[in-house]
Amino acid sequence: MRQVLADRYAEFAAARAGHLYRSACLLTAGDTHLAEDLVQETLGRLYISWHRVTRADNPAGYAQTVLTRTFLAHQRRRSSTERATDVLPDRPDGDRDDVSLRMTLLEALARLPAKDRAVVVLRYWEDRSIEETADAMNASSAAVRTRCTRALGRLRELLGENLSEYVSP
């Protein structure tokens with residue numbers, strides 16, 4: 001029985017790791033090293049409680065919730081010796097048309113508070129409902145609505161109303 005559970009976990013982790021990593025990159029505003037750490041911690045937590053995860057209606061949603069809560073916990077315990085920077089260390093190479101837009105969006109996300117960033121990622125990247133987002137963040141639906149409004153307003157301030165100026169012709 002244990003081997004069957006371990007095999008199912010391995011299949012699930014292999015199938016979901018990429019999606020979790022992309023979400024973690026957005027939550028961390030492009031910090032790929034931290035995103036890898038968050039995914040690793042999330043998968044570790046899922047492994048420990050895999051017998052409970054398999055009984056959930058939506059194991060993928062459960063994994064996203066664990067990732068979000070892991071990110072928020074990390075933000076709360078950030079060491080006082082760490083300093084945020086405006087420079088992102090890993091920038092993509094090449095002449096892709098959307099590189100400028102992507103980097104601008106990641107930099108704008110990085111300037112949002114952690115909970116506002118989490119709301120934006122869950123609601124608009126993960127396409128979760130307000131209730132699902134509230135559950136993942138351990139907050140009320142009203143708090144999620146307020147954070148969404150505030151976060152989107154802040155992003156509009158940072159990016160301007162017209163995003164087309166960031167896209168190459």
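For this chain, numbers begin at 1 and follow the sequence in order. Computed from a predicted model, the values in this text were never measured in an experiment.
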Student: Nearest 0.5 Å, what's the OG1-CG distance between Thr28 and Asp37?
Tutor: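 Here the interatomic distance stands at 10.0 Å.
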
Student: Looking only at heavy atoms, which two atoms of Arg117 and Leu112 are closest? And how far apart?
Tutor: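 Taking every non-hydrogen atom into account, NH2-O, 3.1 Å.
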
Student: Can you tell me how far apart CG (Leu155) and OH (Tyr124) are? Round to the nearest 0.5 Å.
Tutor: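 So the CG of Leu155 and the OH of Tyr124 are separated by 10.0 Å.
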
Student: Please report the shortest heavy-atom distance between Ala63 and Thr42, naming the atom on each side.
Tutor: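 Smallest interatomic distance, heavy atoms only, reads O-CG2, 3.7 Å.
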
Student: Return the minimal non-hydrogen interatomic distance between Cys148 and Arg123, and the atom names on each side.
Tutor: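 Distance-wise, the nearest heavy atoms are SG-CG, 3.5 Å.
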
Student: Checking Arg128 side chain against Thr133 main chain: does a donor-acceptor pair fall under 3.5 Å?
Tutor: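 Not confirmed, Arg128 side chain does not pair with Thr133 backbone.
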
Student: Set out, in order, the CA-CA distance, both residues' side-chain angles and the distance that settles side-chain contact (heavy atoms from CB on, under 4.5 Å) for Leu26 and Leu106, then state yes or no.
Tutor: CA-CA 7 Å; Leu26 290 170; Leu106 284 174; 4.1 Å; yes

Student: Ion pair present between Arg111 and Glu107, side-chain N to carboxylate O less than 4.0 angstrom?
Tutor: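 Salt bridge flag = no for Glu107 with Arg111.
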
Student: Would a distance-only check, ignoring hydrogens and angles, find a side-chain to backbone donor-acceptor pair under 3.5 Å from Tyr9 to Leu43?
Tutor: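 Judged by distance alone, yes, a pair lies under 3.5 Å.
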
Student: Salt bridge or not between Arg8 and Glu11? Use side-chain N to carboxylate O under 4.0 Å.
Tutor: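 No, Arg8 and Glu11 are not salt-bridged.
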
Student: Is Arg16 reaching over with its side chain to a backbone N or O of Ala60, donor-acceptor style, under 3.5 angstrom?
Tutor: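 Flag not set: sc Arg16 to bb Ala60 has no pair under 3.5 Å.
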
Student: Any side-chain heavy atom of Leu67 sitting closer than 4.5 Å to one from Leu27?
Tutor: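 Contact flag for Leu67/Leu27 side chains = yes.
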
Student: Can you tell me how far the CD atom of Glu132 sits from the CD atom of Gln64, to the nearest 0.5 Å?
Tutor: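 Atom-to-atom, Glu132:CD and Gln64:CD are 11.0 Å apart.
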
Student: Quick check: are there more than 12 heavy atoms from other residues, nucleotides or ligands sitting under 6.0 Å from CD of Glu41?
Tutor: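 Atom CD in Glu41 is crowded, with more than 12 foreign heavy atoms closer than 6.0 Å.
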
Student: Can you say whether the rings of Trp50 and Phe12 are parallel (under 30°), tilted (30 to 60°) or perpendicular (over 60°)?
Tutor: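 Rings of Trp50 and Phe12: tilted, as their planes differ by 30° to 60°.
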
Student: Calculate, to the nearest 0.5 Å, the distance between atoms CG and OG1 belonging to Leu109 and Thr104 respectively.
Tutor: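 Here the rounded value is 11.0 Å.
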
Student: Any side-chain heavy-atom pair from Thr70 and His74 closer than 4.5 angstrom?
Tutor: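 Thr70 vs His74: side chains apart.
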
Student: Kindly compute the distance separating CZ (Phe71) from CZ (Arg76), expressed to the nearest 0.5 Å.
Tutor: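 Interatomic distance, Phe71 CZ to Arg76 CZ, rounded to 0.5 Å: 10.5 Å.
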
Student: For residues Thr54 and Pro59, determine if any side-chain heavy atom of one lies less than 4.5 Å from a side-chain heavy atom of the other.
Tutor: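 Counting from C-beta outward, Thr54 and Pro59 never come under 4.5 Å.
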
Student: Would you mind checking if Arg154 and Asp116 are paired as a salt bridge, meaning a charged N to carboxylate O distance below 4.0 Å?
Tutor: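 No salt bridge links Asp116 with Arg154.
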
Student: Could you tell me which non-hydrogen atom of Ala136 sits nearest to which non-hydrogen atom of Thr68, and how far apart they are?
Tutor: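 Smallest interatomic distance, heavy atoms only, reads O-CG2, 4.4 Å.
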
Student: Using every non-hydrogen atom in the two residues, find where Cys25 and Thr32 come nearest and quote the distance to one decimal.
Tutor: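 In terms of heavy atoms, the two residues are closest at SG-CG2, 4.2 Å.
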
Student: One pair to check against side-chain contact (heavy atoms from CB on, under 4.5 Å): Arg156 and Leu152. What are the steps and the verdict?
Tutor: CA-CA 6 Å; Arg156 284 186 190 100; Leu152 291 176; 3.7 Å; yes

Student: First locate atom CG of Leu46, then atom OH of Tyr62, and finally report the distance between them rounded to the nearest 0.5 Å.
Tutor: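 Going from the CG atom of Leu46 to the OH atom of Tyr62 covers 7.0 Å.
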
Student: List the atom of Leu72, the atom of Ala118, and the distance in Å for their closest heavy-atom pair.
Tutor: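 In terms of heavy atoms, the two residues are closest at CD2-CB, 4.1 Å.
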
